[in-house]
Number of protein chains: 2
Amino acid sequence: MLGVKPGAPLNAAGKTDAERLRGDLDQYMADRGLRSTEQRRAIIDAFFDSTEHMSIDDLLLRVRSEDPRVGYATVYRTMKMLTESGVAHEHKFGDGFTRYELGDANTHHDHLICLACGSITEFEEPLIEQLQERVALRYRFLVQEHKHELYGVCEACQKKPA
Amino acid sequence: MLGVKPGAPLNAAGKTDAERLRGDLDQYMADRGLRSTEQRRAIIDAFFDSTEHMSIDDLLLRVRSEDPRVGYATVYRTMKMLTESGVAHEHKFGDGFTRYELGDANTHHDHLICLACGSITEFEEPLIEQLQERVALRYRFLVQEHKHELYGVCEACQKKPA
DNA sequence: ATTATTGCAAATATTTTGCAATAAC
DNA sequence: GTTATTGCAAAATATTTGCAATAAT
């Protein structure tokens with residue numbers, strides 16, 4: 001259990017979400033004969049180690065600090081694999097960069113995006129999800145995914161001098 | 001009052017939303033010495049006449065059916081002007097195209113996007129907006145705009161044979 | 001020995017921009 | 001007559017892809 005943050009929440013099986021997702025990924029790759037390369041391992045490590053919402057450039061920067069010969073295309077291809085396996089989720093917050101976060105199927109959350117500093121905060125509000133389901137029912141719309149994002153100014157940026 | 005749909009809802013001043021927005025636009029353009037050209041008039045007419053959520057290509061197609069010599073760049077530039085004046089709102093629903101709708105400052109609505117046929121339905125749910133404000137308060141976040149979109153399958157597409 | 005993967009460069013796709021020609025004021 | 005606007009082509013931006021070389025199985 002090296003590299004696991006002390007105090008990370010454990011689930012019933014005694015594993016962190018990240019550990020479970022890594023297991024899912026190994027399974028996914030094994031199932032279709034995908035290979036574990038040095039580059040992939042480096043990118044996947046960078047992704048799992050990161051504070052969330054990394055862009056391709058963020059990831060590449062990190063990975064290249066250890067191994068400068070990793071190419072853009074490999075990062076794109078690896079993150080596409082993670083997305084398709086459900087291990088990562090893609091987000092487009094409107095700054096032109098696709099960002100990735102851990103694909104936690106169980107805990108759904110939405111986002112507050114600060115237009116001043118770019119910081120991204122997660123929020124959960126089950127009552128909104130509930131009302132959302134009611135809206136879907138009203139239109140007999142089958143929801144597959146949703147996006148709920150509030151854009152504005154975070155607390156810290158409000159306090160900064162103009 | 002030519003070209004106004006019969007039965008369109010009128011506001012206090014006896015004008016439709018579209019009429020009011022056209023007035024706003026005239027004001028906006030006059031204020032900064034922007035000129036009324038044939039191309040702009042054609043694009044603006046196409047935009048106002050349209051069922052909502054037109055892409056640049058949709059607009060260009062319409063405009064070119066009347067005047068084939070209008071260029072892409074002019075449509076982009078005109079829609080940017082409409083967006084900056086608040087007369088149009090931009091949306092990116094994830095299919096790679098920016099779409100535009102009438103910028104109705106008073107009636108806020110959100111969207112259901114069908115992934116099968118691409119249709120876009122608007123919905124309003126004041127209770128969600130209310131809860132959203134509460135979330136913002138909880139994080140002391142100053143909301144400037146928001147995006148709430150449900151992606152899935154619309155009623156019509158659910159009924160279609162697979 | 002196979003075949004998935006890599007890195008590069010070229011291709012895509014959408015939007016933006018420089019500039020000379022044109023048209024609105 | 002000024003100066004905003006147009007249309008074109010080229011640039012910019014983010015992402016994808018073809019392909020020969022490489023590396024994992």
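This structure is a prediction, so every number in the text was calculated from the model and none was measured.
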Base versus backbone protein contacts along nucleotides 13-25 of chain C [heavy-atom cut-off under 4.0 Å; B, S, -]
-SBBBB----BBS
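- A side-chain donor from one of B:Arg41 and B:Ser36 sits under 3.5 Å from a side-chain acceptor of the other.
- With hydrogens and angles disregarded, a donor-acceptor distance shorter than 3.5 Å links the side chain of B:Arg32 to the backbone of B:Tyr28.
- Between B:Gly33 and B:Thr74, the residue whose closest nucleotide on DNA chain D is further toward the 5' end is B:Gly33.
- Contacts with DNA chain C (heavy atom under 4.0 Å) in residues 58-70 of chain A: A:Arg69, A:Val70, listed by number.
- Rounded to a whole Å, the CZ atom of A:Arg40 is 11 Å from the P atom of C:dG7.
- D:dT6 atom P lies 8 Å from atom CE of B:Met81, rounded to whole Å.
- B:His146 and B:Asp110 are linked by a side-chain donor-acceptor pair at a separation below 3.5 angstrom, with hydrogens and angles left out of the test.
- The pair A:Glu90-A:Lys80 fails the salt-bridge criterion, with no side-chain N (NZ, NE, NH1 or NH2) lying under 4.0 Å from an Asp/Glu carboxylate O.
- Look at CE on A:Met79: it is 14 Å from P on C:dT6, rounded to the nearest Å.
- Less than 6.0 angstrom separates the ring centroid of B:His109 from the ring centroid of B:His111.
- Taking the side-chain contact (heavy atoms from CB on, under 4.5 Å) definition, one finds that B:Arg64 meets it with B:Leu60, sequence neighbours left out.
- Ring-plane geometry between A:His91 and A:His89 is classed as perpendicular, the angle between the planes exceeding 60 degrees on a 0 to 90 degree scale with a lower cut at 30.
- Under 3.5 Å, the side chains of A:Gln132 and B:His148 contain a donor-acceptor pair of N or O atoms.
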